[in-house]
Amino acid sequence: MAPRSWTDYLNLTVGGTLSNAGVSGQSFRYGPQISNVTELEVVTGKGEICICSETQNSELFFSVLGGLGQFGVITRARILLQPAPDMVRRIRLVYTEFDAFTRDAESLVTRRRDDDTFDYIEGFALPNEDNPDGLPSVPLSRDQVFDRTRLPKEAGSVLYFLELAHHYRSSDSVSDVDMGVDRRLRGLGFVEGLRFQVDLGYEEFILRVKKEEEVGRAIGIWDSPHPWLNIFVSKSNIADFDRVVFKEILKDGIGGPMLVYPLLRNKWDAPTSVALPKSEIFYTVSLLRFTPAFPKGPSCESLVAQNQEIVRYCLKKDYDFKLYLPQYELQEEWKRHFGNRWSRIVERKTCYDPLGILAPGQHIFPRIINPSSKF
């Protein structure tokens with residue numbers, strides 16, 4: 001058995017992940033990790049130890065899920081499981097046009113029948129570097145080659161990639177797996193001849209980012225400062241985001257993957273504390289920077305400034321967006337982040353952590369020295 005919804009990187013705490021959301025390539029089908037919880041044990045800011053679920057202490061249950069640690073510390077969690085597959089066919093498709101990429105991604109995540117789509121759907125963007133060896137990080141095995149001659153002459157400055165996975169049993173025949181995958185891929189508009197795939201065990205697949213960590217530690221970049229930016233952007237704004245952010249602000253890349261793939265709002269439990277865009281389809285964008293420490297790489301300050309430039313642009317253009325793993329300095333910024341949910345966030349804080357003991361460093365609520373004071 002295995003959780004229905006994972007994060008890509010697994011070296012995380014369960015309580016910390018559930019205090020945010022827990023997003024990855026299964027979220028389009030099962031929702032984030034916070035939509036796959038049946039029961040929690042929580043220590044509130046009052047020091048009370050509570051068992052909660054959708055039917056028992058439900059307000060506390062939904063408060064702490066996506067609650068950024070503001071309402072309680074999650075000490076135990078009961079989550080939904082499903083049978084784990086034996087094998088995974090991992091597939092990577094190359095696109096040169098953003099509209100074709102998003103059209104196919106949205107088609108896959110909105111197909112009604114599970115057997116018409118994949119078990120895992122993500123995507124990412126990379127600069128279209130003029131490298132005679134192609135893009136060596138794109139193929140999924142050493143015997144595969146990225147053949148640049150397959151790219152159309154009109155290919156732009158950024159390439160896009162769909163990252164898919166099909167689960168199967170070791171007893172399934174290769175021909176059945178091939179036919180099932182080909183049927184799911186039929187009609188997609190990726191670049192002909194630039195489809196990569198590999199078969200691997202399920203455990204190897206879910207631990208794939210661990211290998212990247214090992215490589216990063218070996219070459220000394222894992223522990224160097226790499227300020228990431230995670231943001232949810234509405235479907236209505238994602239094309240402009242691509243035009244300005246991917247193709248202008250980040251035209252030289254970030255030294256790591258720029259994840260971008262669609263999620264469905266109806267897979268998220270509405271009463272939780274997490275803030276989401278209004279659009280039914282929105283994209284998660286994760287700028288996962290991995291660069292050498294300054295002076296070999298850019299300074300941490302310049303990377304933070306670049307992240308701030310992107311957020312300012314989203315605000316200036318009045319995007320329907322929300323930061324994921326948000327960081328703000330002022331309570332007014334948090335009010336804007338939570339929008340019309342702010343009053344409920346205040347009520348939950350007053351109920352479960354009236355003295356502001358939990359997570360004061362986020363600058364959402366101040367510590368209350370005088371118990372008669374209010375938020």
Side-chain angles (χ1 to χ4, degrees), residues 7 11-23 31-79 225 227-232 268-277 304 307-308 311 315 321-375:
T7 51
N11 194 22
L12 304 168
T13 66
V14 174
T17 302
L18 296 180
S19 295
N20 288 279
V23 176
Q33 287 190 336
I34 58 172
S35 294
N36 291 273
V37 182
T38 62
E39 184 180 275
L40 296 171
E41 180 185 79
V42 175
V43 180
T44 70
K46 294 179 177 180
E48 298 170 341
I49 302 174
C50 301
I51 302 298
C52 55
S53 67
E54 288 190 25
T55 58
Q56 178 183 0
N57 296 320
S58 60
E59 184 64 21
L60 175 61
F61 179 73
F62 288 117
S63 295
V64 297
L65 291 173
L68 305 175
Q70 286 292 321
F71 314 110
V73 178
I74 298 172
T75 51
R76 287 196 301 173
R78 189 183 298 273
I79 62 176
W228 291 358
L229 178 65
N230 297 274
I231 184 169
F232 294 148
W268 297 62
D269 292 336
T272 66
S273 295
V274 69
L276 297 174
V304 171
N307 288 348
Q308 293 171 340
V311 175
L315 290 169
F321 84 101
K322 297 294 181 183
L323 290 185
Y324 176 54
L325 311 179
Q327 297 181 24
Y328 291 112
E329 293 298 321
L330 303 174
Q331 191 178 74
E332 286 303 312
E333 295 174 310
W334 285 106
K335 289 181 181 180
R336 182 187 65 222
H337 173 75
F338 287 108
N340 59 13
R341 300 166 65 91
W342 174 250
S343 60
R344 191 169 190 178
I345 296 297
V346 173
E347 291 172 0
R348 288 172 167 179
K349 188 69 170 179
T350 303
C351 181
Y352 300 116
D353 185 26
L355 298 183
I357 293 172
L358 300 173
Q362 293 173 330
H363 308 291
I364 304 178
F365 297 102
R367 277 246 171 103
I368 301 300
I369 305 301
N370 180 1
S372 62
S373 302
K374 296 182 178 180
F375 296 115

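Positions are given from 1 along the sequence.
In this structure, CZ in Arg78 is found 6.0 Å from OG1 in Thr38, a value given to the nearest 0.5 Å. Asn57 contributes atom CG, which lies 9.0 Å from atom CD1 of Ile51 (distance to the nearest 0.5 angstrom). The structure places CG of Leu12 at 4.5 Å from OG1 of Thr17, a figure rounded to the nearest 0.5 Å. With rounding to the nearest 0.5 Å, the separation of CG in Leu325 from CG in Asn230 is 4.5 Å. The line from NE2 of His337 to CG of Leu323 is 7.0 Å long, rounded to the nearest 0.5 Å. Considering NE2 of His363 and CD of Gln331, their distance stands at 12.0 Å, rounded to 0.5 Å.
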I would like to know whether Gln70 and Ile364 meet side-chain contact (heavy atoms from CB on, under 4.5 Å); could you show each step before the answer?
-> CA-CA 9 Å; Gln70 286 292 321; Ile364 304 178; 3.7 Å; yes

Derivation of the side-chain contact (heavy atoms from CB on, under 4.5 Å) call for Leu60 and Thr44 | CA-CA 9 Å; Leu60 175 61; Thr44 70; 4.1 Å; yes

Go through Leu65 and Leu40 one step at a time and tell me if the side-chain contact (heavy atoms from CB on, under 4.5 Å) criterion holds.
-> CA-CA 9 Å; Leu65 291 173; Leu40 296 171; 3.8 Å; yes

Please walk me through it: do Arg336 and Tyr328 pass side-chain contact (heavy atoms from CB on, under 4.5 Å)?
-> CA-CA 10 Å; Arg336 182 187 65 222; Tyr328 291 112; 3.7 Å; yes

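Heavy-atom neighbours of Ile49 CD1 from other residues, nucleotides or ligands within 6.0 Å: at or below the threshold of 12. The local environment of CD in Gln327 is sparse, with at most 12 non-hydrogen atoms from other residues, nucleotides or ligands closer than 6.0 Å.
Here the shortest heavy-atom pairing between Cys52 and Val42 reads SG-CG2, 3.9 Å. Residues Ser63 and Ser273 approach most closely at O-OG, 2.7 Å, considering heavy atoms. The two residues Leu358 and Phe71 come nearest to each other via the heavy atoms CD1-C, 3.6 Å. Smallest separation of non-hydrogen atoms from Gly72 and Val64: N-CG1, 3.9 Å. Listed here is the closest heavy atom pair of Ile357 and Gly45: CD1-O, 3.6 Å. When every heavy atom of Ser53 is checked against every heavy atom of Glu39, the shortest pair comes out as CB-CA, 4.3 Å.
Under the 3.5 Å distance criterion, the side-chain polar atoms of Lys349 are left unmatched by any main-chain donor or acceptor of Phe365. Using a distance-only test at 3.5 Å, with no hydrogens or angles considered, no donor-acceptor pair links the side chain of Trp268 to the main chain of Ala21. Under the 3.5 Å distance criterion, the side-chain polar atoms of Lys46 are left unmatched by any main-chain donor or acceptor of Pro354. Side-chain N or O atoms of Gln33 include none that pairs as donor or acceptor with a backbone N or O of Val23 at under 3.5 Å.
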With a 3.5 Å cut-off and sequence neighbours excluded, list the donor-acceptor pairs that the side chains of residues 340-347 form with protein atoms.
{"from": "Arg341", "atom 1": "NH1", "to": "Ala270", "atom 2": "O", "distance (Å)": "3.4"}
{"from": "Arg341", "atom 1": "NH2", "to": "Thr272", "atom 2": "O", "distance (Å)": "2.0"}
{"from": "Arg344", "atom 1": "NH2", "to": "Glu59", "atom 2": "OE1", "distance (Å)": "3.2"}

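The closest side-chain heavy-atom distance from Leu68 to Pro326 is below 4.5 Å. Counting only heavy atoms from C-beta outward, the side chains of Thr55 and Phe61 never approach each other to under 4.5 Å.
Taking the salt bridge (Lys or Arg N to Asp or Glu O under 4.0 Å) definition, one finds that Lys335 meets it with Glu332, sequence neighbours left out.
Taking the six-membered ring for Trp and thresholds of 30 and 60 degrees, Phe232 and Tyr324 have nearly parallel ring planes, at less than 30 degrees apart.
A donor and an acceptor atom, one from each side chain of Glu41 and Thr75, are located under 3.5 Å apart.
Only one option out of Ile74, Ile34, Val274 pairs with Ser19 in a side chain to side chain contact (heavy atoms under 4.5 Å, CB included); it is Ile74.
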